[in-house]
Amino acid sequence: MVRDAALVAGKDLLIEVRSRVTLNQIAPFAVLVLVLFAFALEPDRGLLTRAAAGLFWLAVTFSALLAVQRSFAVESADGARDGLRLSGLDPAGIFLGKAAAVAVELVVLEGLLGLGVVFLYNADLHGAVLLAITCVAATIGLAAAGTIYGVLAAGARVRETLLPLLLLPVVAPVVLAATRATEAALGSTADSGWPWVRLLGAFAAIYLAVGAVAFGPLLEDA
Amino acid sequence: MVRDAALVAGKDLLIEVRSRVTLNQIAPFAVLVLVLFAFALEPDRGLLTRAAAGLFWLAVTFSALLAVQRSFAVESADGARDGLRLSGLDPAGIFLGKAAAVAVELVVLEGLLGLGVVFLYNADLHGAVLLAITCVAATIGLAAAGTIYGVLAAGARVRETLLPLLLLPVVAPVVLAATRATEAALGSTADSGWPWVRLLGAFAAIYLAVGAVAFGPLLEDA
Amino acid sequence: MKIRLLGVAAAASLALTLVLGLRLPPTEEQHQYARLIAIHPAIAWVAYLAFGVMALGSALYLWPATRHRRWDRLAAAGAEVGVVFTALMLATGSIWGRPTWGVWWVWDARLTLSALMLALLLGYVALRRVSVDGERRALVSAIAGLSAVVVIPVNHFAVTWWRTLHQGRSLANISPASHLDGQYIQAMLVGFVAMTLVFAYLLARRFQLEVLADEIDDAGLAAAIEARRREGVPA
Amino acid sequence: MAPAVCLSRAVVLLGRFPALAGADLLVERGEIVHLSGPNGAGKSTLLRALAGLLAIVEGEAEVLGHDLTKDRRRLRRSVGLLGHTSFLYEELTVEDNVRFAVRAAGVGVGAVEPALDRLGLDGRLRDVAVARLSAGQRRRTALAVLVARRPELWLLDEPHAGIDAAGRDLVDELVTEAAATGATVVFASHELDRANAIAGRQLTVVGGQVHAIQPFVTSGRS
Amino acid sequence: MAPAVCLSRAVVLLGRFPALAGADLLVERGEIVHLSGPNGAGKSTLLRALAGLLAIVEGEAEVLGHDLTKDRRRLRRSVGLLGHTSFLYEELTVEDNVRFAVRAAGVGVGAVEPALDRLGLDGRLRDVAVARLSAGQRRRTALAVLVARRPELWLLDEPHAGIDAAGRDLVDELVTEAAATGATVVFASHELDRANAIAGRQLTVVGGQVHAIQPFVTSGRS
Ligand code: HEM
Ligand SMILES: Nc1ncnc2c1ncn2[C@@H]1O[C@H](COP(=O)(O)OP(=O)(O)OP(=O)(O)O)[C@@H](O)[C@H]1O
Ligand SMILES: Nc1ncnc2c1ncn2[C@@H]1O[C@H](COP(=O)(O)OP(=O)(O)OP(=O)(O)O)[C@@H](O)[C@H]1O
Ligand SMILES: [Mg+2]
Ligand SMILES: [Mg+2]
């Protein structure tokens, strides 16, 4: 299973290296979203700075949407999804592999967006540890849930639109929790971020489990 | 040309009627975005209400993204884009037709989001006229620009990710202007919204013109 | 037949609720709106119930021992009726909120959760719409249904902490449970009964509809197979 | 009257690859020309170029009197291309697709019925969404579009592929009929015997060039 | 040893349509079976079902000793399917694709080179992204995957389609070789003469059922 996961993750990342989509398209998109928020929330700057954490995670979520969409666009192009099934790979492995690849891409994006936030919204961070752990936990959660609903949507010809609808309400708590935890890390609130981090951990754990179990049936029948 | 436009718009709307994507998927997504914003911004500090206009237009923009994506997913499935070229339809007609179809869908979505904002962010509107005109102008602008960049992206296998990247920076001014105009309509700012509306009108006019002229070359060579 | 009786009962109790509700005296701080208490809490309860039904149906379908189409139908029926009641809950709540809190909506944990629930239900229904064939759709939507349910606790904690870790306005300050005399309690309780009956009725009807649809399909299938076999055979 | 097709030293690039490397081709009106040649030789590229879908970067190209180096669009209404992929709308039914194509080409919709009938797409299939069709039924639908549009120049890329035994004879009929009614047909096919039975002239495409028939050393190596 | 394929009264639904309506099929190991039949008869559906991609809703189905009504997944590693669409990753090169497929199937990567060589995909094509390949080169790549994976059961859907004259003989060679080395081959083809030359037995699929060869009145009307 681990072997299969590595194989799939490797394949997805190779495709990314070949096509540079995350780097050349999703990343700029993410930054753009930040800028748009800046437009929308003008005029008062203070507002932006206070909302920095939230906007950061919103941007990450939308980028995650794109990353997942991409991850399955690659598969379902020209029936390659059937290819996955015919490949004889262990579904759990496929799930972990694709989730891992998405997670890697997201981490890169988060680094970028982090800079964006610091510059655009002049937020400054303390609690780097808390922030790091938050990012890791949230990323795993997003990637896992994203991959599950990605394969659900990949079956339908309407995946572009179905995926956001399915995914967003599910990851809503991640946005919320990550935002709060990050606010704590940015010191823009008094109270501790750790309970939120635990929540993120729980979310990630749940969806990793669900994915490992349910991905098989989904891949077969979705 | 008008005939061709009608033909294409009719075809796109027929597809929508057959597949119900805008209704069943994009619309809920749009409202969901509003809820997510609430997570990101602190509702209590009245930020939401103050930012209502901006967030409304952000949500509209994201929905527009999906609508355009859908509008060209339909085309580029199985090389149907070449089909458009071979169809011998007048490019300007195709452009107007697709833009019109998107605009229709957007208007519906805006109605929905309008309600959402009023209820969720308890914004209340005066100046309905101003608001209506703003929406019309902005919608035309979004639809026109969206269709232009939609065809640009439709060529690439990476349209899911390329389109947002191309479109967002272009429509940023729309978001900005529409936001200001709407704020005026919501009475959350003192100054008049009409200059902004004029800006929106200009934008729409420009992109309609650009589209009518440039769509041909784009369709050919993008 | 049974269902029809249920319908009658539902209609009757609903009527009673309306009468009781409308005979409620306006309270000083909420005026006429206090009467919403006759239906709103009940609707909210039913909304949760429907969500639960969807979860239950999905779970029972997924459990190999109990796998049967009826559970899929139950989940489907629950979800669709649930959409209606959740929407009603939000609507009545907002209408009530306007006078009580002066706003249509506050980002209270409970409210937010209900909003998310509506989204989850809509997603589930949309997913069911995209695929037609029974077996697969049943399995897939069961999985989707359950994995929507497992986030509810997470959602719950998230929104609760969100509104409590953060000091700020929440229903706590304007607690519903504030001084209710018997008349209100009475109306509220009847409301609960009525809404539950209505829910049961709608659920049963929707379920029945699924059954009929499936029967038509099965009948259709036999015919379709026949037709398919005759293809290409000289007439 | 100008010849149907007149290419000289035409070069066409796909990406940076010269898929056509100086192709010469002269086809008189009413001819039936068969292109054979190894995989990757450039047959599809040639046909797509003749349909005005690809830019001619060097050499001259005139099709039905239109100079492709100047304007590739005006030509479109009078050519019909059957490609490897059928340019159809997945969501729409067989009938919808043919009707749309016909109206787009400005032909009377009266042509739809006979075409469907001819290709055996009346009856049950008429109302099946193209996405659900079998491979051959798709090809038949694509052919129905051509039959209904009745173009002056038929460009067929492996018209027999995927079509059943009876259908193959039908295809041959259609081709000969078209030629008989003054249309010109250029088609690529790997089924040499069948092709030569209907073709007036056979040419081989090798390495992006067109040669008068001669045994070629083949292989996918192109 | 169990027969390679044993279907009895198998029913397969596509959507609600019984694409297979009680198909009976018995194939011994090492046989080469040719499926003919009109468009839409159910050949591709049958092959996909044998590959374990479709659910058997009625009747029995056993392939290579695996009962498809119980478990469709364990079978996968030992069958190879060449479908109408090649299950390849557009962004990856020919070599990448074959290598991934081989490693996924758990075969040694040593098999990659010979396979590419055999299908004439060494040299320039090896490093071309699949998205850029010509129709026939795609088919060759898909075949290369099969050759490299060396499955026990070969399921070929119109293996000759799109492949050039020399390639066709190669395909025949591959099929007969596979059978000679003990593998079983079931293939659908509309090129009757060529097919019958290599097939040990010919069956017709009509109306979702399999019949011993007999002249059938055909038509796409299905
Ligand atoms: C999420 C599920 C919900 C539940 C279980 C629920 C339940 C209740 C209950 C039991 C009451 C009791 C009334 C009382 O005891 O005085 C109540 C009152 C109320 N609810 Fe809800 N409700 C829900 C959602 C909503 C929503 C979405 C809104 C508004 C958008 C809302 C607005 C109100 C208002 C304004 C009152 C009156 C408060 C008062 O009496 O001061 N509720 N609700
Ligand atoms: N970007 C690219 N880089 C390298 N080669 C390319 C690129 N794009 C196209 N090609 C090559 O161009 C050729 C396209 O040829 P074309 O599709 O016309 O072949 P064909 O004669 O139709 O072959 P077939 O019989 O397989 O359909 C192929 O050899 C393909 O490998
Ligand atoms: N949802 C659906 N509704 C109606 N008919 C359907 C549906 N899905 C599939 N079909 C039919 O099922 C059949 C699928 O057959 P299949 O693809 O196996 O044909 P085939 O024998 O491979 O034909 P070809 O020779 O064209 O490849 C087609 O007749 C198609 O019209
Ligand atoms: Mg070709
Ligand atoms: Mg087939």
Side-chain angles (χ1 to χ4, degrees), chain A residues 54 141 144-145 147-149 151-159 161-181 183-184 189-196 198-207 209-211 213-222, chain C residues 51 58-59 61-64 67 72 83 86 107 109 112-168:
Chain A
T147 310
I148 294 176
Y149 286 92
V151 72
L152 253 172
R157 259 190 325 290
V158 291
R159 61 190 152 78
T161 48
L162 183 58
L163 179 63
L165 174 58
L166 293 176
L167 191 54
L168 284 189
V170 172
V171 297
V174 176
V175 179
L176 189 51
T179 303
R180 298 292 156 262
E183 274 172 354
T189 76
D191 48 71
S192 146
W194 293 109
W196 294 108
R198 274 198 294 283
L199 199 64
L200 289 172
F203 184 92
I206 291 177
Y207 273 98
V210 171
V213 178
F215 202 76
L218 288 180
L219 190 60
E220 288 306 321
D221 296 334
Chain C
F51 199 87
S58 305
Y61 186 87
L62 280 185
W63 192 257
R67 176 159 304 183
D72 175 53
V83 168
T86 315
W107 291 98
T112 312
L113 195 57
S114 16
L116 282 179
M117 273 173 46
L118 182 58
L120 289 170
L121 286 173
L122 284 175
Y124 177 86
V125 173
L127 181 63
R128 289 193 74 94
R129 288 239 170 92
V130 297
S131 96
V132 281
D133 53 354
E135 287 293 323
R136 282 128 135 263
R137 184 182 66 182
L139 186 64
V140 169
S141 37
I143 294 174
L146 265 198
S147 47
V149 174
V150 293
V151 302
I152 285 295
V154 186
N155 268 328
H156 173 75
F157 283 116
V159 291
T160 323
W161 294 349
W162 177 41
R163 312 313 294 145
T164 48
L165 289 185
H166 277 257
Q167 65 292 354

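Here is the naming used below: chain letters follow the sequence lines, and residue numbers restart at 1 for every chain. If you're wondering where the values come from, they're calculated on a predicted model, not measured in any experiment.
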Q. Contact part of C:Ile143 toward chain A, heavy-atom cut-off under 4.5 Å: side chain, backbone, both or neither?
A. side chain
(Q) Testing the basics here: between C:Leu122 and A:Leu165, what is the closest heavy-atom pair and its distance to 0.1 Å? (A) O-CD2, 4.5 Å
Q. Are more than 12 heavy atoms from other residues, nucleotides or ligands located less than 6.0 Å from atom CH2 of C:Trp63?
A. no
**Q.** Contact winner vs chain A - C:Ala119, C:Ser147, C:Ala148, heavy-atom pairs under 4.5 Å
**A.** C:Ser147
Q. Shortest non-hydrogen contact from A:Pro169 to C:Leu116?
A. O-CD2, 4.2 Å
Q.
Given heavy-atom pairs under 4.5 angstrom as the criterion, report whether the side chain, backbone, both or neither of A:Val210 touches chain C.
A. side chain
**Q.** All side-chain contact (heavy atoms from CB on, under 4.5 Å) counterparts of C:Ala142, not counting sequence neighbours
**A.** C:Ser58, C:Tyr61, C:Leu62
(Q) Could you report the tightest heavy-atom contact between C:Gly123 and A:Leu166, atom names first, then the distance? (A) O-CD2, 3.5 Å
Q) A:Ala177: what forms a side-chain contact (heavy atoms from CB on, under 4.5 Å) with it, not counting sequence neighbours? A) A:Trp196, A:Leu199, A:Leu200
